[in-house]
Asker: 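Structure incoming, see below.
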Amino acid sequence: MLIIFDVDGTLVGGEHHDWACFDEAIAEVTGFTPTQEFFDSLPEITAQAIAEACVRAAKRDTGMGLEERIRDEYLRRLRNVHASDPMAFPARNGVLALLSHLSSLPGTGVAIATGDWLETTSFKLAAAGIDASRYPMATSSDCSRRSEIIQLAARRAGRSLAEAIYVGDGVWDFKACCELGVPFVGTGTRPHLLKAAGAKHILELLEEALFLTTLRAAAMPGAAE
């Protein structure tokens with residue numbers, strides 16, 4: 001079994017700080033302020049895809065360095081928030097113990113697939129006390145589509161996607177798993193949105209005993225959403 005985790009809202013908390021830093025970075029670099037309606041209109045929710053869409057919305061050309069400037073400004077703001085509050089990006093309850101336990105299970109692999117960039121993801125994981133170097137990881141620095149990020153994480157783990165179960169908190173995570181035929185376990189602070197989207201296996205907290213039971217249920221034939 002390969003368990004692939006999302007990061008923001010799944011392994012790491014502080015999403016309100018995170019999104020504020022991202023929105024502010026976009027506005028600073030492009031002059032465009034994204035709204036909820038703008039986000040709702042996007043077919044792909046990853047940092048790279050959003051940055052490219054915002055650059056186009058600002059009537060600027062993509063691929064000319066603005067996306068990288070957004071990333072760097074975003075990281076600068078994350079660092080400032082963390083400097084003011086070292087607990088701004090905490091590991092979610094139960095996550096550190098769960099990752100340690102999963103790593104000890106024979107035949108069980110752990111990987112990370114996130115829609116954030118490598119630099120900003122690595123910073124938040126470190127702030128949460130999670131050693132990202134222990135896990136194969138794919139980010140939107142590699143691919144702008146979430147389904148491709150998940151596939152790449154499995155390849156980097158040396159495992160088949162058929163062995164994978166994905167754990168995430170966003171409806172976009174669930175949709176990518178449906179596209180790939182990968183079982184999905186939902187978590188985070190918005191379970192009602194996951195349920196409304198059709199997700200069946202949801203744990204608000206990633207507590208060890210319930211997590212393993214839910215994984216087994218999600219992995220059963222016919223259980224994938």
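Residue numbers count from 1 along this sequence.
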Asker: Taking all non-hydrogen atoms of both residues, which atom of A132 and which atom of L125 are closest, and how far apart?
Answerer: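 For A132 versus L125, the nearest heavy atoms are CB-CD1, 3.7 Å.
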Asker: Can you tell me how far the NZ atom of K124 sits from the CG atom of L75, to the nearest 0.5 Å?
Answerer: 9.5 Å
Asker: Could you check whether S141 and R71, counting side-chain N and O atoms only, form a donor-acceptor pair closer than 3.5 Å?
Answerer: no
Asker: Looking only at atom types and distance, does a side-chain atom of S100 sit under 3.5 Å from a main-chain N or O of L96, one as donor and one as acceptor?
Answerer: no
Asker: Report yes if the side chains of L42 and W172 come closer than 4.5 Å at any heavy-atom pair, otherwise no.
Answerer: no
Asker: For a side chain to side chain contact (heavy atoms under 4.5 Å, CB included) check, start with the C-alpha distance between D72 and R69, then their side-chain angles and the critical distance, and finish with the verdict.
Answerer: CA-CA 5 Å; D72 293 346; R69 285 179 57 194; 5.7 Å; no
Asker: Say you draw a straight line from CD1 of I4 to OG1 of T114; how long is it, rounded to the nearest 0.5 Å?
Answerer: 12.5 Å
Asker: Flag the pair L205 / F211 as yes when at least one side-chain heavy-atom distance between them is below 4.5 Å, and no otherwise.
Answerer: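 They are not in side-chain contact.
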Asker: Flag yes if more than 12 heavy atoms outside R60 fall under 6.0 Å of its CZ atom; otherwise flag no.
Answerer: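 Count not over threshold, so no.
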Asker: A side-chain contact here means heavy atoms from C-beta on lying under 4.5 Å apart; do L102 and F5 qualify?
Answerer: yes
Asker: Can you tell me how far apart CD (E44) and CD (E148) are? Round to the nearest 0.5 Å.
Answerer: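 Interatomic distance, E44 CD to E148 CD, rounded to 0.5 Å: 8.0 Å.
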Asker: Backbone N or O of M1 within a donor-acceptor pair of the R159 side chain at under 3.5 Å?
Answerer: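 Yes, R159 side chain to M1 backbone: donor-acceptor pair under 3.5 Å.
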Asker: Quickly, which of T187, T189, T10 forms a side chain to side chain donor-acceptor pair (under 3.5 Å) with R92? Name it, please.
Answerer: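 Passing option: T187.
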Asker: Using every non-hydrogen atom in the two residues, find where A111 and A153 come nearest and quote the distance to one decimal.
Answerer: CB-O, 4.1 Å
Asker: How long is the gap from NE2 on H201 to OG1 on T213, to the nearest 0.5 Å?
Answerer: 12.5 Å
Asker: To the nearest 0.5 Å, tell me how far I150 CD1 sits from L161 CG.
Answerer: 8.0 Å
Asker: Report, as yes or no, whether the 6.0 Å neighbourhood of atom CZ on R134 holds more than 12 heavy atoms from other residues, nucleotides or ligands.
Answerer: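 No, not enclosed.
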Asker: ring-ring contact (aromatic ring centres under 6.0 Å, His included) for F38 and F32? Distances and angles first, verdict last.
Answerer: CA-CA 11 Å; F38 174 80; F32 173 73; 5.0 Å; yes
Asker: Taking all heavy atoms of I149 and all of A113, pick out the closest pair and write down the distance.
Answerer: CG2-CB, 3.9 Å
Asker: Evaluate the side-chain proximity of K175 to C178: yes if any heavy-atom separation is below 4.5 Å, no if none is.
Answerer: no
Asker: Could you report the tightest heavy-atom contact between D131 and S133, atom names first, then the distance?
Answerer: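 Smallest heavy-atom distance, with atoms named: OD1-OG, 2.5 Å.
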Asker: Passes side chain to side chain contact (heavy atoms under 4.5 Å, CB included), Y166 versus R146? Steps please.
Answerer: CA-CA 12 Å; Y166 189 82; R146 192 170 297 267; 4.3 Å; yes
Asker: Can you see which heavy atom on A25 is nearest to which on I70, and at what distance?
Answerer: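 Taking every non-hydrogen atom into account, CB-O, 3.7 Å.
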Asker: Looking at every non-hydrogen atom in both residues, tell me the closest pair between T121 and M137 and how far apart they are.
Answerer: CG2-SD, 3.9 Å
Asker: Is there a donor-acceptor pair closer than 3.5 Å between any side-chain N or O of S84 and the backbone N or O of N80?
Answerer: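 A pair under 3.5 Å: yes.
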Asker: Would E179 and R145 pass as an ion pair if we require N to O under 4.0 Å?
Answerer: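 Counted as a salt bridge, because a side-chain N and a carboxylate O are separated by less than 4.0 Å.
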Asker: Could you tell me whether a side-chain N or O of D18 sits under 3.5 Å from a main-chain N or O of G14, the two making a donor and an acceptor?
Answerer: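 No, because the side chain of D18 does not come within donor-acceptor range (under 3.5 Å) of the backbone of G14.
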Asker: For the residue pair H82 and F89, does the interplanar ring angle fall in the parallel (under 30°), tilted (30 to 60°) or perpendicular (over 60°) class?
Answerer: parallel
Asker: In the structure I gave you, are the side-chain heavy atoms of I50 and P34 within less than 4.5 Å of one another anywhere?
Answerer: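 A side-chain contact is absent here, since even the closest heavy-atom pair is not under 4.5 Å.
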Asker: Checking the side chain of T139 only, and the main-chain atoms of W117 only, is there a donor and an acceptor separated by less than 3.5 Å?
Answerer: no
Asker: Would you give the length of the straight line joining atom CG of L11 to atom CD1 of I130, rounded to the nearest 0.5 angstrom?
Answerer: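 Going from the CG atom of L11 to the CD1 atom of I130 covers 5.0 Å.
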Asker: According to a hydrophobic-cluster definition based on side-chain heavy atoms being under 4.5 Å apart (Ile, Leu, Val, Met, Phe, Trp, Tyr only), do L152 and V7 belong together?
Answerer: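 Looking at the clustering, V7 is in a separate group from L152.
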